[in-house]
Amino acid sequence: MTLFFRPITNCLPVCLMAGALILLAGCGAASSESSATEATYSDEAYEFLAIPKDGKLSAASKRALERHYDQGPEWYCEFTTHDLRGDFAFEEGVTRRDPSAVITVGDTYYVYYSRGTGETKGFHTGDPENKVFPWDKCEIWYATSQDGWEWKEQGLAVGRGAPGSFDDRSVFTPEVLVHQGKYILVYQTVKAPYLNRVKNQVGMAIADAPEGPFVKLEHPILSPADNGEWLGEEDNRFLVKKQGDFDSHKVHDPTLLFYKNKFYLYYKGERMGERKTFGGREIRWGVAIADQLEGPYVKSPYNPITNSGHELCIWPYKGGIAALIITDGPERNTIQWAPDGINFEIKSHIRWGPPAAGLVRELNTEESPLSALRWGLTHEYVSRNWQRIKRFELKNPVSI
Ligand code: AAL
């Protein structure tokens with residue numbers, strides 16, 4: 001302050017202006033503070049939340065008011081799961097998992113999924129050929145159905161690449177987009193050897209028909225961020241000098257939507273040196289956007305766009321994107337909606353959601369917030385080795 005009142009004449013106007021600015025800034029801060037503490041909520045909100053209007057506010061009541069827990073149940077739901085018939089009945093010795101969305105062509109449903117055989121042995125067995133995860137050494141296969149219950153496995157859609165290529169070890173966890181008569185698969189890829197510290201990528205293959213042939217793009221369309229640093233040489237994904245971005249280790253569960261005249265590639269990021277947080281595993285989603293189908297896919301500066309979740313499950317709704325966020329993080333088991341596809345807000349807290357849900361893209365997503373979830377496919381661990389595809393349905397839908 002002394003500085004402002006020093007009797008140096010040529011400094012006076014500047015000092016006065018600066019002082020005025022500080023005062024103004026001070027007033028601004030005070031007024032925004034008071035508006036924050038004086039936030040008002042409607043009588044209906046108090047009534048809905050059973051909070052006495054003139055009583056004391058517990059921490060829980062404050063949260064309920066601030067976070068608008070007086071929202072209705074339009075986004076709340078529960079699910080049931082059901083066994084499937086035909087080739088999707090459980091088969092010991094074969095893993096079928098991570099189903100894509102279900103698309104409808106004529107009167108036939110199509111789904112793409114990871115398919116693998118052979119037992120999972122884990123890492124560090126001494127034989128680099130051993131399968132480390134159920135999704136290791138997989139291929140992408142497809143199946144068809146007339147009624148969504150009885151499925152016929154049709155065969156390979158996308159196989160592993162030639163030795164030395166970025167997808168030579170496993171291709172898995174596909175998602176499908178139908179756009180302008182093209183059938184587009186995006187999927188995870190791993191290059192051998194499959195180590196704990198391996199960084200996966202995302203590949204794309206395009207066909208003119210749902211049965212293929214799918215032609216792969218030569219290069220991956222998405223890779224992990226390159227700004228983490230491992231600590232030491234041990235194959236341990238938790239030892240890092242620096243964690244790097246939310247997706248410095250893995251880019252998983254790619255899901256491609258044509259949105260706002262661009263291609264939005266949503267994905268799950270995993271981070272080098274993953275930590276446990278108060279919400280469990282440190283898992284978040286991001287999005288990369290391209291003007292052209294083949295890319296380049298540019299990661300959004302807003303990434304990460306969720307602070308929770310696992311496999312991607314998203315659908316368009318009212319000009320925005322809705323998301324089923326389950327399994328990991330402080331906001332797991334919520335359904336969220338982003339009016340711009342980027343800024344997600346919690347719309348409901350649910351008990352449980354189907355893992356790796358593949359939505360039925362022909363369903364009318366605009367009918368109600370959850371009509372996109374009327375039914376779809378999910379997967380189930382029958383054992384560590386064998387997973388199968390099942391069907392989920394909305395139970396007692398309150399809003400459709
Ligand atoms: C999943 C997905 C990805 C992971 C693995 C197979 O359900 O998040 O696909 O890599 O588990």
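When reading the values below, keep in mind they use all heavy atoms of this one structure, side chains included, and skip hydrogens, waters and symmetry mates. Whatever order the structure lists ligands and atoms in, that order sets their numbers, starting from 1.
Counting only residues at least two apart or on different chains, the side-chain hydrogen bond (donor to acceptor under 3.5 Å, both in side chains) pairs with a member in residues 318-330 are H310-D328.
Annotation: the span from L222 atom CG to M204 atom CE amounts to 10.5 Å, rounded to 0.5 Å.
Short contacts between ligand 1 and E311, defined as distances under 4.0 Å to a heavy atom of the residue, involve ligand atoms 1 (C), 2 (C), 7 (O), 8 (O). Of all the atoms in ligand 1, the ones that sit under 4.0 Å from a non-hydrogen atom of T173 are 3 (C), 6 (C), 9 (O). The H252 neighbourhood of ligand 1 comprises atoms 4 (C), 10 (O), with distances under 4.0 Å to a heavy atom of that residue. For ligand 1 and H310, the ligand atoms under 4.0 Å from any heavy atom of the residue are 8 (O). The contact set between ligand 1 and D253, taken as ligand atoms under 4.0 Å from a residue heavy atom, comprises 2 (C), 3 (C), 8 (O).
Residue contacts with ligand 1 for F172 involve side-chain atoms from C-beta outward but no N, CA, C or O (heavy atoms, distance under 4.0 Å). Heavy atoms of R97 found under 4.0 angstrom from ligand 1 belong exclusively to the side chain. If you look at N200 next to ligand 1, there are no close heavy atoms at all, none under 4.0 Å.
The existence of a salt bridge linking R271 and D245 is excluded, since no basic side-chain nitrogen approaches an acidic carboxylate oxygen closer than 4.0 Å. E91 has no carboxylate O lying under 4.0 Å from a charged side-chain N of R388, or vice versa, which leaves the two without a salt bridge. With respect to R284 and D247, no salt bridge is recorded, no charged nitrogen being found less than 4.0 Å from a carboxylate O.
Nearest protein neighbour of atom 3 (C) of ligand 1, counting heavy atoms only, is Q188 OE1, 3.2 Å.
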Expected list for residues 110-119: side-chain donor-acceptor pairs under 3.5 angstrom, two or more places apart:
from : atom 1 : to   : atom 2 : distance (Å)
Y110 : OH     : E211 : OE2    : 2.5
Y112 : OH     : P210 : O      : 2.6
Y113 : OH     : E153 : OE2    : 2.5
S114 : OG     : T173 : N      : 2.7
R115 : NE     : E153 : OE1    : 3.0
R115 : NE     : E153 : OE2    : 3.4

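Considering all non-hydrogen atoms of both residues, A205 and V158 come closest at CB-CG2, 4.0 Å.
Of the polar atoms of H379, none of the N or O atoms is found under 3.5 Å from an N or O of ligand 1, judged by distance alone.
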